[in-house]
Number of protein chains: 2
Amino acid sequence: MARPKLHDVAAHAGVSVTTVSRVLNNRGYLSDDVRTRVNTAISELGYRPDGIARSLIGRKSAIVGVIVPTVADPFFGELVSAIENRLAERGYKAMLCDCQENAAREADYLDLLQANRVDGIITSTHNRDVEGYGKAELPIVAVDRRIGAHIPIVRSDNRAGGRLATEHLLARGTRTPLLITATDHAGNDRAAAFREVVAARGLEPVVRAYGYATPFPQRRALIETWLAETGADGVFATDDLTALMVLEWAHKTGRAVPHDVRIIGYDGSAAVRLGMPGLTTVQQPIAQLGARAVELVVDRIEAEADDEAEVGADTAAEPPLPVELRLGWTT
Amino acid sequence: MARPKLHDVAAHAGVSVTTVSRVLNNRGYLSDDVRTRVNTAISELGYRPDGIARSLIGRKSAIVGVIVPTVADPFFGELVSAIENRLAERGYKAMLCDCQENAAREADYLDLLQANRVDGIITSTHNRDVEGYGKAELPIVAVDRRIGAHIPIVRSDNRAGGRLATEHLLARGTRTPLLITATDHAGNDRAAAFREVVAARGLEPVVRAYGYATPFPQRRALIETWLAETGADGVFATDDLTALMVLEWAHKTGRAVPHDVRIIGYDGSAAVRLGMPGLTTVQQPIAQLGARAVELVVDRIEAEADDEAEVGADTAAEPPLPVELRLGWTT
DNA sequence: CTGAAAGCGCTTACAG
DNA sequence: CTGAAAGCGCTTACAG
């Protein structure tokens, strides 16, 4: 038979659909007899409630939208994996939106997710100025990204990370430190920390930014140009993939690492740790970032449903999670 | 005002809800006047149809479930990114199921996806013998994985890839080739090709399998043991991350690459190409794999909806997509 | 403790 | 060319 519905279960058990629904949702008073009969009917028929119909009523879909630049990037892949798993533990599903570094698509996705009645959104893209987050009337949590005054941000301690990396580079004997980052704007705490620490030693902070949207081949070309041009003997890359590009350049051009040039990355995704454990890097607590974002968004969803007092009006001030220096042989 | 509904638009435009629905779906005859008034009302109210309600009627949710071991792995991350993007182009959303290499969770997900009325499923995990795929009554497509007689498989040419890799290793002067793979079962075409090519040269094929479920630290330990024990001077790893672990071991133990040991990987994900372009590897057409899987599953979904003749009963025999040798300095 | 009825926001025959 | 009504598969007041 086709997929059984509530009606079929009710007929099979000899009760009303109301009663079946109550057993399913465990609400109201039920005699043990009825409960048993209904449960038997459910398993005999292999009944599974229709999530769509349920969503239409309660205004809960139990789906959270997850917006990222791209899961092809190991950092975001690991973050999404952590998010999805924590969501599953809390009974939610993840609708994945992979923006491919494209701001226009992000705005579309925001619309799409709301049309599909997701209960909340976790967003972690690099795009600034995406319209729509302000207007959205559902719980939103940002991961390492500032998108609006009232949107809580989950992040790790970028300033401490930037400081750790830079101090380590200098401690290893770097005289001409270079920072390579994606975008060098005011909110870039890793860059800010780099500048502070370097300047405090009386050295000159040199910073180069490749831009998120730059395709990989050009990005590599840019980076190699900067390395040659600056003659840096220590490089802090604010993501591991860039650090590995620097390492590759050193290999190609016959520089000894760390003797001629010291290299430190940022992120510490499992993939990089596995494939290139020798890379010194600042380890972000990726799983914790994901889990914390889920807690915040789900707590808000459920608080709204319960009509409770607004959950933590000050969650926007989440304390940053700790980072850790992971030593390899590249420094 | 709260989210506007069809009723509100109808009132605003002075027509019936039926008419608004027809404008929305562009079906039946409509006078231009009515069409214009409705469209105006829609934009004035900022109306967006409710996807949930729509799904409940047409039995289409426009959601496809995507089941993978984990997007934290760069290969699967890139695959999912490609899948999600092609799905978006065809008007579908992706519900992500990240199994964390856990067969039990995969079975749960299969259930969950059906309860949420996804229109189809793309699956690409390593688990064998997951119950439920046989019983599922919706379009399913597997990526590089055999799960049932009638489930089409999208894959690249593993046999050719295995041959390319092995021949290349031998051409570079390897005398004692070692294959490191996840599981050494009959369906592993890369391993089969390795054995064939090595045996044809009168050498002895040595094969070691670490098992998907093995946690990373143990995996590394295993691999290092094998490398020491076999004294191999050429290693073919059937995934790039493992190849990078071999490279790291060579570095740690002072082996020169490729002089003392040649190393070739498999997959060629963008992340690895970017971070470690020097790795010789067999490049899979990851984006094409994802796109092709989407075409197959969406074609089937839409054929069912149109009640057309069964789409390609023989799609299970999809020809494999071509792979390519990518040369680096590790061989 | 249990059921009949209304309704979630749409679409779709069926009339007109 | 347009509308009134039934229905998608559930849940939830409201009665009893």
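Naming: A, B, ... by sequence-line order, numbering from 1 per chain. All values below were derived from every heavy atom in this structure, side-chain atoms included, with hydrogens, water molecules and symmetry-related copies excluded. If you're wondering where the values come from, they're calculated on a predicted model, not measured in any experiment.
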Problem - d(CG, D8(B); C1', dC10(C)) in whole Å - result: 13 Å
Handout entry: H7(B) NE2 to dC10(C) P, straight-line distance once rounded to whole Å
Key = 12 Å
Problem - Who pairs with dA15(C) - Watson-Crick or G-U, where each distance is under 3.5 Å - result: dT2(D)
Exercise for the section: Give the rounded distance in Å between these two atoms: CD1 of I52(A) and P of dC10(C). Expected result: 14 Å
Fill in the blank from the handout: d(L56(B) CG, I52(A) CD1) to nearest 0.5 Å is 7.5 Å
Completion exercise
Exactly one of V118(A), V294(A), L87(A) clears side-chain contact (heavy atoms from CB on, under 4.5 Å) with Y92(A), and that residue is L87(A)
Practice task
Identify whether any heavy atom of S21(A) sits under 4.0 Å from a base atom; if not, whether one sits that close to sugar-phosphate; answer base, sugar-phosphate or nothing.
Solution key: base
Exercise for the section: Could you check whether L6(A) gets within reach of a base, just the sugar-phosphate, or nothing at all, counting any heavy atom under 4.0 Å? Expected result: base
Exercise for the section: Report the distance from atom CD1 of I57(B) to atom C1' of dG9(C), rounded to the nearest whole Å. Expected result: 7 Å
Exercise for the section: May I have the distance from K60(B) (atom NZ) to dC8(D) (atom C1'), rounded to whole angstrom? Expected result: 16 Å
Problem - Spacing between Y47(B) atom OH and dG9(C) atom P, to the nearest angstrom - result: 10 Å
Handout entry: dG3(C) base / R22(A) side chain donor-acceptor hit below 3.5 Å
Key = yes
Practice task
State, without any angle test, whether R35(B) and N26(B) hold a side-chain donor-acceptor pair at a distance under 3.5 Å.
Solution key: yes
Problem - Pairwise side-chain contact, I67(B) with C99(B), heavy-atom cut-off 4.5 Å (strictly under) - result: yes
Handout entry: S16(B) side-chain N/O to dG3(D) phosphate OP1/OP2 under 4.0 Å
Key = yes
Practice task
Report yes if at least one side-chain N or O of R54(B) is closer than 4.0 Å to OP1 or OP2 of dG9(C); otherwise report no.
Solution key: no
Problem - V17(A) vs R48(B), nearer the 5' end of DNA chain C by closest nucleotide - result: V17(A)
Practice task
Please report, rounded to the nearest Å, how far the P atom of dG7(D) is from the CG atom of D50(A).
Solution key: 18 Å
Fill in the blank from the handout: Residue pair P49(A)/R35(B) against DNA chain D: nearer the 5' end by closest nucleotide is R35(B)
Practice task
Would you indicate what S31(A) reaches in the nucleic acid, counting non-hydrogen atoms under 4.0 angstrom: base, sugar-phosphate, or nothing?
Solution key: sugar-phosphate
Exercise for the section: Provide, to the nearest angstrom, the distance between the CG atom belonging to D33(B) and the P atom belonging to dC1(D). Expected result: 12 Å
Exercise for the section: Kindly say if T18(B) contacts the phosphate of dT2(D), meaning a side-chain N or O under 4.0 Å from OP1 or OP2. Expected result: no
Exercise for the section: State, without any angle test, whether S16(B) and T19(B) hold a side-chain donor-acceptor pair at a distance under 3.5 Å. Expected result: yes
